[in-house]
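Labels below follow one simple rule: chain letters A, B, ... track the order of the sequence lines, proteins then strands, and each chain is numbered from 1.
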Number of protein chains: 2
Amino acid sequence: MTEIQSLARGLRILDILGESPNGVSVTELAEQLNLDKGSASRLVATLANYAYAEKDPVSRRYSLGPQVVTLSRSLLAKLPLRDVAKPFLRELMEKSGECSHVGILSQGRVLYIDQVESAASLRVNAEVGSLSPLHCTALGKAMLAFGRTPLPQKLERFTDNTLTSIDSLKKNLELVREQGYATDDEEFDLGVRCIAAPVFDYRDKVIGSIGISGPITRMTTKAMPHFAELVIKVSQALSEKMRFTAHRT
Amino acid sequence: MTEIQSLARGLRILDILGESPNGVSVTELAEQLNLDKGSASRLVATLANYAYAEKDPVSRRYSLGPQVVTLSRSLLAKLPLRDVAKPFLRELMEKSGECSHVGILSQGRVLYIDQVESAASLRVNAEVGSLSPLHCTALGKAMLAFGRTPLPQKLERFTDNTLTSIDSLKKNLELVREQGYATDDEEFDLGVRCIAAPVFDYRDKVIGSIGISGPITRMTTKAMPHFAELVIKVSQALSEKMRFTAHRT
DNA sequence: GACCTTGTTGCATATTACGCAATATAGTTG
DNA sequence: CAACTATATTGCGTAATATGCAACAAGGTC
């Protein structure tokens, strides 16, 4: 596989810009890429020319440009699941009172492609566009349990509840298949519980998952079965609708 | 200004991918860029290597990859206005019953950076991430009227109501300054009215605008003053809060 | 199973990006 | 306010790299 070097470098710069909250200077870029300052300067200037990066004239530091937002929107707008899921997300949110999400599998992680927030939803790190691990999220486990995705080998720990051994994960996925829904019981974010169920397409292939998340104060262990029933119902209705939708993601 | 050619070409490919709903073939890319098929193939393969593009194995057509979504999220998360505006958006939505938005100026257009949808909001093309013209949107006109942005010279027509002459726009902006809020009376989308007011930072510089949009059936001419009052109030409270926030966008 | 369309790869060449060093620009300190 | 430091940009020669062509491979169709 032949790679275009300077393009690859430009893309790595974008990655770096994305990870740097306060912008990046040309010298910092050059250091991180083991490049000459001059080369880094020219590369990032090119990115800025096309609005992929933006230069703060006063600090002369670069950050991401608006074009990435536009691209993201283009991508999300093209996902049929997103459109179809919208009313179901609303329904979920209204009936549960909690935040609802849809996600798809992407790069061995779960990509949140849409959400509907409840009136008093919390700030979780599960915003649209975030890529979260599969093994410690309800959306992720729902897809793992019903799909053909190989299990991740590295199970990073995020909280005390995170399942970090393959065996415990496998056992958990068995339960998910029996129950028809997956949970995340403070396995990723402390104080947050989630429930999710898979979404299938016309070939009964898992194409994503849908669910809700909320604080443990409202999503009590007692209330979980009730929430789960709701999520399952909605996920099945959504799958049904996806059957009659254009056959793409 | 020296531009890195192959990086620029890669970025143009991303632009094209964003505009193509059904993916793009290598030959189509080569045509659009006046490039050899081989070069186009290598460029887009590099993009795919870094998850900026994705290749459908069966159709062999390329589309945008998940990394652009992640980048977009990084950018939006870094905007202080977005965080601060969130509760105000909720308030606006709840009190008006309509969809609320915040936007900033970007590339001579208005970039919608967040929104809160009402229970029965319509599908507008003002989703998060969209770049809309300034002269025919309430958010845009609010920024034009109170900011130092030069007026756009080309006023594209979208509906019968679109203001397409500089004079009528200037006159309208005068009115905006007098009233303290801007409107979009079906000037961009048929059947949709919007109201917006500017948001200022600690230096009384316009950094964005906030507003609501809804169908003309609910946002009647009669109800507009009432909505406007609400929007102004919220925008002022938001500006107040932005005064005490980190001094960036 | 042969044909046609489309994508990928090998290779030689020339363009292009690179690194170095010099210049310019900001910010800082005496 | 001036000298100094740190950082960004630009000119230029060179060498590496991307390019275009053409051959090959892979899928789809008839």
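- Residue L35(A) has its side chain nearest to dG19(C) when only dG19(C), dG7(C), dT25(C) are considered.
- Using a 4.0 Å heavy-atom distance criterion, R9(B) is classed as a sugar-phosphate-only contact.
- At a cut-off of 3.5 angstrom, the base of dG7(C) holds no donor-acceptor pair with the side chain of R42(B).
- Here dA18(D) is the nucleotide among dG20(D), dA18(D), dT8(C) with the atom lying nearest to any side-chain atom of S6(B).
- Note on S39(B): every side-chain N or O is 4.0 Å or more away from OP1 and OP2 of dA18(D).
- Comparing dT9(D), dT19(D), dT8(C) by their closest approach to the side chain of Y62(A) singles out dT9(D).
- Across S74(A) and L64(B), no two heavy atoms sit closer than the pair CB-CD1, 4.1 Å.
- Contact annotation: K37(B) side-chain N/O to dT5(C) OP1/OP2 distance is not under 4.0 Å.
- Of the candidate nucleotides dG20(D), dC20(C), dT10(D), dC20(C) has the atom nearest to the side chain of D36(A).
- Nearest-nucleotide positions on DNA chain C place T27(B) closer to the 5' end than the other of T27(B) and N34(A).
- When all heavy atoms of E3(A) and A8(A) are compared, the closest pair comes out as OE1-CB, 3.6 Å.
- Atom CD1 of I4(B) is separated from atom P of dA16(D) by 17 Å (rounded to the nearest Å).
- Side-chain contact check for R42(A) and T2(B): no donor-acceptor pair (N or O, by modelled atom type) lies under 3.5 Å.
- Between dT8(C) and S41(B), a contact under 4.0 Å exists linking OP1 or OP2 to a side-chain N or O.
- Interatomic distance, L47(A) CG to Q67(A) CD, rounded to the nearest 0.5 Å: 11.5 Å.
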